[in-house]
Novice: 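One structure coming up, written as structure tokens, with questions to follow.
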Amino acid sequence: MTPLIRICDVKEYIGETVQVRGWLQRRTGKGKINFLRVRDGSGSFQAVAFRPTLGDDLFAQVKSLTTESSLLLTGVIKADERAPGIPGGYEMDVCDIEIVQIAEPYPITPKEHGIEFLLDNRHLWLRSNRQWAIARVRTTVIRAIRDWLDDRGFMNVDTPILTPAAGEGTTTLFEIDYHGVPAFLAQTGQLYNEANIFAFGKVYCFGPTFRAEKSKTRRHLQEFWMVEPEIAFCKLEELLQIEEQFVSYVVQTTLQKCAAELQLLERDTGLLQNVKPPFPRISYDEAVEKIHAAVQAGVTVPPNDEALADIVWGEDFGAPHETYLASQFDRPLFVTHYPTVCKAFYMEPEPGRPEVCRSADLLAPEGYGEIIGGSERMSDPDMLLAAIEKQKLPQEAYHWYIELRRYGSVPHSGFGLGLERTVSWLTGISHLREAIAFPRTLGRLTP
RNA sequence: UCCACCGUAGCUCAAUUGGCAGAGCAACCGGCUGUUAACCGGUUGGUUCCUGGUUCGAGUCCAGGCGGUGGAGCCA
């Protein structure tokens, strides 16, 4: 019986007759010989169809194959430096071929395509090498995230997607009809995580979150995935140590397991090699000073090389500010102690400085922006109630959340890491819509 | 919500001052034993986003609309 193999394992079968099932990516021919670039999901290789070997009938069938035709190939594996593929350098001398389907003319060609066309054809675009590599990095990142948390006693407790009230009260939510009652798609699982830590100590949720913001930038999706760890008995300083260990593990694991994918994506991994603890930490105050100095010096910021705008203390950073700050360091940068006014209501104020809170954002290098937002949470019930009243949030909706602080309240902290932003950074892609199989962007719900 | 740009063959684009609707690729037919986006010869392929206007004549100019892309704000 001829063994069925996956193309990623091809090097283990040199000299053997094997079978491969897959799709034809590209066919080139030269008289009596045809080169079939075939992929099977695990990788791609070149199958060589030679007329004297196959006979006239089979060879005629090979010549009828169109791009994306599905087929079963039987042949002998051999090493050949000229053979392209993932991994390259191996090819099959085809001795038999069974056509499953001749594909209709395939819309995506090796030529360039515009982004509108590619997004309209996302269901087909996913088959391309580049999208394959990005998706492989994504699944590796997800696995690394779960491994690191699971191995350190974090319990995975998922939080509801259908929720009755705003998580943070600021950003726009998708409203749905919950049997006649208004409900919202979750923009965070954090508040529920805070309930869960009192039962389980260290938890995380990992799922899709939804933001109905009218954001049309390369850093925004309407639906994106976020992992949110939350830790009891944890203050800000300890949180930052957890974050830098966590992010470093994810980055180094991806570098190790996805070397071929990153090479295919032409990612310069030099900067990623640096991503090891400790990460630099600066306060919001220091960040504002750096920005003032940069504005004085006339600094411009990629990608458009526009002059950096000045900032007034108390304002949140714009994307160019984050890009500038992160560019001053060789690894991800913590910016801590943001003004209370530009952060969510539940963050613990800094003792003696109530105008700033015990928050920390992690800014990725190379302009990829904020990949983590985290903070120490307010642990005093009365202080929390006052914060909710001050922001004029509906008190009743937060009744249970406040109550958590009445039964054995402890200092606790947590953060949320945006999956697509992390994958974008690691793969070096310019727009995070390619970091998810079916992106939901403003004005695009299909396919 | 605001600002900018774009819409011509299946795809990527061109079309001079407003004057015959074009090319490359894809598809189809033929040729070639080492192709890497092969190459060579041939064939096919159009609601120029929509509606209205100006004009002898509109892909081109004007008005309105629709769709898309990029960015700002906000955020991960």
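Just so it is clear, the structure is predicted and the values come from calculations on it, not from any experiment. Letters A, B, ... are given to chains in the order of the sequence lines, protein chains preceding strands, and every chain is numbered from 1.
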Novice: Taking atom P in both B:U55 and B:C50, what distance in whole Å separates the two?
Specialist: 22 Å
Novice: Of the candidate nucleotides B:G34, B:A76, B:U33, which contains the atom at the shortest distance from the side chain of A:L432?
Specialist: B:A76
Novice: Please give me every residue in residues 125-144 of chain A whose heavy atoms get under 4.0 Å of an atom in RNA chain B, ordered by residue number.
Specialist: none
Novice: Specify the separation, in whole Å, of atom CG of A:L118 and atom P of B:C11.
Specialist: 11 Å
Novice: Using the P atom on both, measure B:U16 against B:C61 and round to a whole Å.
Specialist: 10 Å
Novice: Could you go through nucleotides 44-48 of chain B and list every protein N or O atom that sits under 3.5 Å from one of its N or O atoms, giving the distance for each pair?
Specialist:
none

Novice: With a 3.5 Å distance limit and no angle check, can you tell me whether A:N193 reaches the backbone of A:E228 through a side-chain donor-acceptor pair?
Specialist: yes
Novice: Enumerate the residue pairs fulfilling ring pair (Phe, Tyr, Trp, His ring centres under 6.0 Å) with a member in residues 86-114 of chain A, sequence neighbours excluded, ordered by first and then second residue.
Specialist: A:H113-A:F117
Novice: Looking only at the side chain of A:R219 (C-beta and beyond, no hydrogens), which of the listed nucleotides B:U33, B:C74, B:U1 gets closest?
Specialist: B:C74
Novice: Rounded to whole Å, how long is the line connecting atom CG of A:D120 with atom C1' of B:C49?
Specialist: 14 Å
Novice: Expressed as a whole number of angstroms, how long is the span from A:E116:CD to B:C49:C1'?
Specialist: 10 Å
Novice: Would you mind reading off the distance between A:D80 atom CG and B:U33 atom P, rounded to a whole angstrom?
Specialist: 18 Å
Novice: Classify the side chain of A:T109 and the base of B:C11 as holding, or not holding, a donor-acceptor pair under 3.5 Å.
Specialist: no
Novice: Classify every nucleotide of nucleotides 36-42 of chain B by which part a protein heavy atom approaches to under 4.0 Å, writing B for the base, S for the sugar-phosphate alone and - for neither, in 5'-to-3' order.
Specialist: BBB----
Novice: Assuming nearest nucleotide by heavy-atom distance, tell me which of A:P320 and A:L221 is located more 5' along RNA chain B.
Specialist: A:P320
Novice: Pick the P atom in B:A63 and in B:G22, then give their distance to the nearest Å.
Specialist: 30 Å
Novice: Which part of the nucleic acid does A:R51 contact within heavy-atom distance under 4.0 Å: base, sugar-phosphate only, or nothing?
Specialist: nothing
Novice: Which whole number of Å gives the distance between the P atom of B:G24 and that of B:U44?
Specialist: 14 Å
Novice: Would you call the rings of A:Y338 and A:F317 parallel, tilted or perpendicular, taking 30° and 60° as the class edges?
Specialist: perpendicular
Novice: Within residues 326-340 of chain A, find the residues that approach RNA chain B with a heavy atom at under 4.0 Å, and present them sorted by residue number.
Specialist: none
Novice: Any idea which of B:G71, B:G34, B:A76 is nearest the A:V48 side chain?
Specialist: B:G34
Novice: In this structure, is the centre-to-centre distance between the rings of A:F210 and A:F224 below 6.0 Å?
Specialist: no
Novice: Are A:R433 and B:U69 close enough that a side-chain N or O sits under 4.0 Å from OP1 or OP2?
Specialist: no
Novice: Let's test your reading of the model: under 3.5 Å, does the base of B:G10 pair with the side chain of A:E104 as donor and acceptor?
Specialist: no
Novice: If you measure from the C1' atom in B:C13 to the same atom in B:G46, how many Å do you get, rounded?
Specialist: 15 Å
Novice: If you write RNA chain B from 5' to 3' in dot-bracket form, with Watson-Crick or G-U pairs under 3.5 Å, [ ] for crossing pairs and | for pairs with another strand, what do you get?
Specialist: (((((((..((((.....[..)))).(((((.......))))).....(((((..]....))))))))))))....
Novice: Mind checking A:I372 for me? I need base, sugar-phosphate or nothing, with any heavy atom below 4.0 Å counting as a touch.
Specialist: sugar-phosphate
Novice: Measuring to OP1 and OP2 of B:A72, would you say a side-chain N or O of A:H220 lies under 4.0 angstrom away?
Specialist: no
